[in-house]
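Reminder, nothing fancy here: chain letters follow the sequence lines and each chain counts from 1.
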Amino acid sequence: MNSPYHPDKVEQRAQSFWRESRSFEVTEEPDKEKFYCLTMFPYPSGKLHMGHVRVFTISDVIARYQRMQGKHVLQPMGWDAFGMPAENAAIQRGVPPAQWTYRNIQDMRVQMQRLGYAYDWTREIATCRPEYYRWEQWLFTRMFRRGLVYRKNSVVNWDPVDQTVLANEQVIEGRGWRSNALVERREIPQWFMKITAYADELLDELDRMPGWPEPVKTMQRNWIGRSEGLELEFPVEGTDESLEVFTTRPDTLMGVTYMAVAAEHPLAVRVAKHDPAIAAFIDECRKSDAAEATLQTMEKKGMPLGIAAIHPLSGEKVPLWVANFVLMSYGTGAVMAVPGHDERDWEFANKHGLPIVQVIAPEDGTDIDIEAGAFVEHGILVNSGEYDGLNFDAACDAIARHFEETGRGRRTVNYRLRDWGISRQRYWGAPIPIVYCEDCDAVPVPDDQLPVVLPEDVEFTGVGSPLKDMPEFLETPCPGCGRPARRETDTFDTFVESSWYFARYACPDSDRAMLDSRAAYWMPVDQYTGGIEHAILHLLYSRFFQRVMRDEGLSETSEPFTNLLTQGMVLKDGAKMSKAKGNTVDPQELIEKYGADTVRLFMIFTAPPEQALEWSDEGVQGSFRFLKRFWNSVQMHAQSGPAAPVDHDSLGAAQRDLRRKTHQTIAKISDDIGRRYTFNTAVAAAMELLNSVNRFEDRSAAGQSVVQEALEAIVLTLSPIVPHICHALWEALGHESALIDEPWPKTDDRALEQELIEIVVQVNGKLRGRISVAADADDAAVREAALGDANVQRFVDGRAIRKTIVVPGRLVNVVV
RNA sequence: GCCGGGAUGGCGGAACUGGUAGACGCGCCGGACUCAAAAUCCGGUUCUGGCAACAGAGUGAGAGUUCGAUUCUCUCUCCCGGCACCA
């Protein structure tokens, strides 16, 4: 009697089995080869979305595959639980952020469990719990001692109406999202972590990370942006001050015709005091948000400051401008402008009638018209006095030597990478463990007073941090001198929590240390999977934190993630699925209708993991149909009772063909999952094999044996992707032991042997025929067979054969 | 603006190392089953011409390298991601 496919029953049974046998709970076993498989943990937004389902499924496939390879697999799950959405929910619905967050975690955990992921739930982490953030507060105080954190002024988006700091996301076309007021840039004191101290190491190590995708490494290299150049001083006319600038093109120095400083630069601020026009311009420059994309796409504006710098080589006066495209936070807040050889400088000079001078000529001696556009390539120096005739390297060297000798400049290395500002003027985050004392200044909270616990029972209005109105939080004796002092009310950037959680999964219950010896067993993460949108920030911060933990003696690992898989977005109608865009599809409905396996299969089959996946409702039904067909085929086969093991030597031709297909499929799926990470083609191969089985009508005992072998291969190889149905079908195929502990199937070389192969014949690169030849035929025999083909002869037709290319086992190309 | 990625039938995708373009699936068309429909099963399906055999065209656009290019090089267009306070 065939039972129809009921996914909910099948899935509940499999999940109860895994739960009762604690299949996915692991402890350290030093004699076993470990495999740490990790997914970027989710923000508990309320419900799972398709992006979650995709990344979790991809990771689960890898975890289950590695388990079948005999590895001791850890796959944990947790919650990146601090962040803005909880505050927004609090404002909109009056629920305290903590309550909202914990409820979301509960809901999402239930949804995840319904999807059957192989997680060790005993290691679950939520970053908003004091037991967790206690240790990042602790690490922060260590970094404070080592000089790796410091305080300085830096720019935020200021909403002048709501009197609050806005995230870049909360600025819509230059206006506050709620007040609609024009956003201003404002400088406030904030805490920074010295990621630049690790810039060289973070950069150099990228060359030794073969398990990371090349594009991600390139993006990180460019983000760090190491550049060698010259730092030099331009004296300011009529003062004893000088303006420091950095350039990667010292060879163009004689082409400097003006200089520009940022609106926040002290020199500009000073001029503004007695020049209302400049003051107005600076005010104007501040009316913008702080995002780099905004600043770089803004119309380039500037005003002359009416003072000049002295060119350090020529002694000539160079006018000083204040400009909106120079950033105070990057470099020295001042730049030298060479309009002849820099496109941005050229456009600005052209617009404001500033002189454009050619000082570099093309090496091949061609003439260029510097008035028509900047010449930005390297070349030979001209109009540069004693440096004329030198090439790029020689000129840079000679000019650098001149500055080093005069002491007015030095060769230096500059980074695009800036230190990490970790202060947030928000409530729902981990408190920065600092106490401000009038006498002792900023004092880190001592170990025995950690954690600084964030009060969870608050009324959150959205106007400022509620911590500022809580004397019981604010007021505390100074840890240094004991006199009354006040706590820092800013909280950590939520990227801080996500920069070390991967190590904490190894020892989530450790209350004596941030990490213990268990971390040494599990770290580094063998396979990390997450969105490509995290290619720079999260991954770079994590690499930085891992090194800080290493240097603190907590770990011997430098690189946290050995292999990285960046999965593409889930798109609908060409746009990323997101709540903000309102184009989400709820996974829950689909799971209820078709089951977890169908949703998992669809996610895996529809696109390769790294590519964007375009959502389609119809595709889900196709996945469901396949599972039904799979189910029915196994049930039908199992009806006729147990099949004997295959006896290869006694098989007929058709039986051998199916058996060959089985073993080709095992080989292909092993390669697709284990090496190529193209899980979609693995599914396609399994579908092909099932199609072959369904067309195979041989009911003899030997036929049944071959079918049994084929169906077992499909069950085993698809089990990482659709584990529930495979759990049930393995039983149906007559096995008493559970599928979850089965090893990955092996190919039988004898089954793969083939006597005749098909060769494609081309004439002048165009397909003209197919021939069947012996698998071991030599080139001459293949060539002869190719020329004997009737259609090939028609196209050769007596013309002279210029050459014949034979690609063994593939094709013959006859060139006439 | 800068950095990274992408573009292949009506649709999602496949073609792994330069060697049969379109595997597998969706959709559509035709057929079987059915009183009928759904479900299921079988067959067809890049476009153009042809009853067919077959021929011509074809992988965002344009050029180049090669016996041979979806694959390599150059130029361009459009789309996606990131740009340091969304996570």
Side-chain angles (χ1 to χ4, degrees), chain A residues 40 42-43 45 80 82-85 156-157 165-171 213-216 218-223 225 289-298 300 325 329 344 416-426 493-495 498 531-538 540-541 566 568-569 571 574-576 578 580 602 605-608 610-623 625-626 628-629 632 671-672 675-676 678 680-681 683-688 691 694 758-762 764-767 770 791 794 802-805 807 810-816:
Chain A
M40 291 179 188
Y43 176 80
S45 53
D80 187 13
F82 278 133
M84 277 201 318
V156 293
N157 302 308
V165 175
L166 298 180
N168 285 339
E169 196 192 44
Q170 298 172 311
V171 179
E214 213 49 58
V216 174
T218 304
M219 280 190 270
Q220 293 217 347
R221 281 189 193 103
N222 293 337
W223 184 262
D289 62 90
E292 176 145 339
T294 311
L295 297 169
Q296 274 192 40
T297 48
M298 265 186 331
K300 311 279 180 283
F325 55 85
S329 53
R344 189 189 62 189
R416 210 187 74 93
L417 179 70
R418 307 197 296 261
D419 279 336
W420 176 13
I422 49 95
S423 295
R424 295 293 178 271
Q425 297 69 48
R426 281 189 241 296
D493 176 3
T494 57
F495 272 123
S498 57
I532 181 69
E533 67 271 25
H534 295 292
I536 297 175
L537 292 178
H538 162 62
L540 197 59
Y541 292 148
T566 52
M569 322 249 154
L571 309 177
K576 178 183 176 178
S578 70
F602 171 74
F605 179 58
T606 304
E610 308 222 59
Q611 253 179 57
L613 181 153
E614 181 72 38
W615 182 260
S616 117
D617 294 309
E618 293 83 19
V620 180
Q621 293 197 29
S623 294
R625 253 199 309 258
F626 169 74
K628 274 196 289 191
R629 228 168 23 234
N632 292 335
D671 191 47
D672 284 352
R675 179 182 65 91
R676 294 212 302 152
T678 53
N680 56 326
T681 55
V683 173
M687 286 174 168
E688 274 190 67
N691 290 343
N694 288 344
E758 191 189 70
I759 298 279
V760 161
V761 187
Q762 298 179 332
N764 287 344
K766 283 191 189 273
L767 176 67
R770 292 157 205 275
N791 202 43
R794 204 154 68 81
R802 273 181 37 217
K803 67 173 153 176
T804 313
I805 292 135
V807 182
R810 284 199 171 267
L811 65 66
V812 177
N813 188 12
V814 183
V815 186
V816 298

Can you check the [X] [atom1] to [N] [atom2] distance for me, whole Å?
X: I805(A); N: rU20(B); atom1: CD1; atom2: P; value: 14 Å
X: R221(A); N: rC3(B); atom1: CZ; atom2: C1'; value: 13 Å
X: L571(A); N: rG5(B); atom1: CG; atom2: P; value: 18 Å
X: M219(A); N: rC3(B); atom1: CE; atom2: P; value: 13 Å
X: D419(A); N: rA84(B); atom1: CG; atom2: C1'; value: 12 Å
X: L295(A); N: rG82(B); atom1: CG; atom2: P; value: 18 Å
X: E610(A); N: rG12(B); atom1: CD; atom2: P; value: 19 Å
X: I536(A); N: rC86(B); atom1: CD1; atom2: C1'; value: 16 Å

Among the nucleotides [options], which one has an atom lying closest to any side-chain atom of [X]?
X: T606(A); options: rA23(B), rG12(B), rU20(B); result: rG12(B)
X: P85(A); options: rA87(B), rA21(B), rG13(B); result: rA87(B)
X: T297(A); options: rG1(B), rA84(B), rG13(B); result: rG1(B)
X: E533(A); options: rC3(B), rG81(B), rG13(B); result: rG81(B)

Please confirm whether the shortest side-chain N or O distance from [X] to OP1 or OP2 of [N] is below 4.0 Å.
X: N168(A); N: rA84(B); answer: yes
X: N691(A); N: rC24(B); answer: no
X: Q170(A); N: rC85(B); answer: no
X: N791(A); N: rA55(B); answer: yes
X: N680(A); N: rA14(B); answer: yes
X: R676(A); N: rC16(B); answer: no
X: S616(A); N: rC11(B); answer: no
X: K766(A); N: rA57(B); answer: yes

Glycosidic class, syn or anti, of rG31(B) using a 90° window around 0: anti

Give one of base, sugar-phosphate or nothing for [X], where a contact means two heavy atoms less than 4.0 Å apart.
X: F626(A); value: nothing
X: L613(A); value: nothing
X: Q762(A); value: base
X: P42(A); value: nothing
X: V683(A); value: nothing
X: Y43(A); value: sugar-phosphate
X: H538(A); value: nothing
X: A612(A); value: sugar-phosphate
X: R424(A); value: base
X: Q621(A); value: nothing
X: M569(A); value: sugar-phosphate
X: S623(A); value: nothing
X: V815(A); value: sugar-phosphate
X: N813(A); value: base

[M] and [N], which share atom name [atom1], separated by this distance in whole Å:
N: rA14(B); M: rC67(B); atom1: P; result: 31 Å
N: rG81(B); M: rA87(B); atom1: C1'; result: 14 Å
N: rU17(B); M: rC85(B); atom1: P; result: 39 Å
N: rU34(B); M: rU40(B); atom1: C1'; result: 12 Å

Both distances under 3.5 Å, Watson-Crick or G-U wobble: report the partner of [N], or none.
N: rC85(B); answer: none
N: rG25(B); answer: rC11(B)
N: rA53(B); answer: none
N: rC67(B); answer: rG19(B)
N: rG4(B); answer: rC80(B)
N: rA61(B); answer: rU75(B)

Side chains of R629(A) and N632(A), donor plus acceptor under 3.5 Å: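 Result is no, nothing qualifies.
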
Polar contact flag, side-chain donor to acceptor under 3.5 angstrom, N168(A)-D289(A): no

Any donor-acceptor N/O pair under 3.5 Å between rU40(B) base and R625(A) side chain: no

Donor-acceptor pair under 3.5 Å, R802(A) side chain vs rC67(B) base: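 Absent.
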
